[in-house]
Amino acid sequence: MIVTRTVAETRSALEPAHREGSVGLVPTMGALHDGHRSLLGAARAENDTVVMSLFVNPAQFGDSADLSTYPQDEQRDLAAAEKAGVDLVFAPPPDEMYPPGFQTWVEVTELGSTLEGEFRPGHFRGVATIVLKLFEITRPSRAYFGQKDAQQAAVVRTLIRDLALGVELRVLPTVRDADGLALSSRNALLSPAERERALALPRALQTRDRDRALAILGATDGVEVDYVEVAAFDPPVLAGAVRVGSTRLIDNVVLEGGQIA
Ligand code: AMP
């Protein structure tokens, strides 16, 4: 497995891969768990070359405390990537992605300003910009995203369509722990008691009914609701975001017989 730090070395390392076959890209912020492993497994099965990016993108964090507490363990992530059959990990320092004087942003205007975008202004601008830049650097045939972040997948789908990026978007089902909590790098920040309270989110969304979900969350001490909304993504979902202590969690369930859980 090759690890690259710069745009230039990534481009040159991938030249033969582009000549020879398909390239699958799995963008991550690290702290890899079984949700990421599911994306890496699909990418491995469907492409000749698998690229994983490992970059905690500062532009998608509004809150500096959220950025500074985000779990990071590069050695562990590189070992997990290697085990998953990744061919190349692109793990740039922030300056490589945001060089001094950086001022060019991509904004998915409407979709990016609702739900998560409303509670995290600028978040999807950061996501869309870094995803476009990662696509441009690695030129994937396919890119892999999780349904866990349903709005992110919708934003990327719109970005690909609007800018004719020619990348096939693959969205994989949400991977959950046995107790129902969707796997997330931020789960590591929950105390045992907070984790117990956080289970109200998947339980509430499983009702597939906004009012019932809000009632369940409203009856749970220590859970603050940002929103629970039906979102007309493809497929449509009931999506929710809550805060448990200082950790913010999002989750969603597919509505109307959609294929992705
Ligand atoms: P992150 O490292 O949190 O930015 O996530 C990288 C990718 O993994 C994104 O496309 C996420 O949607 C996806 N992902 C995160 N958690 C899960 C999960 N529990 N199940 C499936 N995919 C996930």
Side-chain angles (χ1 to χ4, degrees), residues 24-44 50-62 66-67 69-74 76-78 80-81 84 86 89-92 97 115-116 120 123-124 126-135 138 140 142-160 167-190 195 198-199 201-202 205 231 233-235 237 239-241 247-254 258-261:
L25 170 68
V26 182
T28 82
M29 299 202 300
L32 300 185
H33 51 64
D34 283 349
H36 300 107
R37 283 189 193 89
S38 154
L39 305 187
L40 293 170
R44 183 67 281 167
V50 176
V51 177
M52 182 183 100
S53 59
L54 175 51
F55 182 61
V56 181
N57 176 24
Q60 69 188 68
F61 287 79
D66 187 24
L67 177 59
T69 59
Y70 200 83
Q72 293 197 51
D73 185 344
E74 188 182 275
R76 184 185 160 277
D77 288 337
L78 293 179
V86 171
V89 175
F90 176 43
M97 298 307 269
L115 299 172
E116 281 299 284
R120 303 181 70 188
H123 171 68
F124 287 118
V127 169
T129 302
I130 208 71
V131 166
L132 178 60
K133 188 157 185 174
L134 290 169
F135 283 2
T138 64
R142 302 184 185 86
Y144 295 79
F145 288 84
Q147 176 66 16
K148 156 78 168 38
D149 300 280
Q151 190 174 5
Q152 172 171 274
V155 162
V156 172
R157 180 172 288 118
T158 305
L159 172 74
I160 289 172
V167 175
E168 182 186 339
L169 175 65
R170 300 274 291 113
V171 181
L172 276 286
T174 301
V175 177
R176 297 177 182 281
D177 263 330
D179 59 11
L181 193 65
L183 296 186
S184 162
S185 304
R186 289 188 179 85
N187 292 355
L189 305 172
L190 297 169
R195 191 190 158 94
L199 291 175
L201 179 59
L205 295 175
F233 304 147
D234 174 21
V237 296
T247 304
R248 188 168 179 281
L249 299 172
I250 62 170
D251 196 356
N252 69 89
V253 295
V254 170
Q259 287 299 304
I260 298 169

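Order of listing sets the numbers, starting from 1, for every ligand and every atom in it.
- Looking only at distances, no side-chain donor or acceptor of D251 sits under 3.5 Å from a matching main-chain atom of A241.
- Checked by atom type and distance alone, the side chain of T158 pairs as donor or acceptor with a backbone atom of A154 at under 3.5 Å.
- With F124 as the fixed residue, the side-chain contact (heavy atoms from CB on, under 4.5 Å) test singles out one of T129, V131, L115, V155: V155.
- The OG atom of S184 lies 8.0 Å from the CG atom of D149; values are rounded to the nearest 0.5 Å.
- Taking 4.5 Å as the limit, some side-chain heavy atom of V254 sits within range of a side-chain heavy atom of Q147.
- Sorted by chain and number, the heavy-atom contacts of ligand 1 below 4.0 Å come from P27, T28, M29, H33, G35, H36, L39, Y70, F145, G146, K148, D149, Q152, P173, T174, V175, L183.
- None of V86, L39, V26, V50 except one satisfies the side-chain contact (heavy atoms from CB on, under 4.5 Å) rule with R44; the exception is V50.
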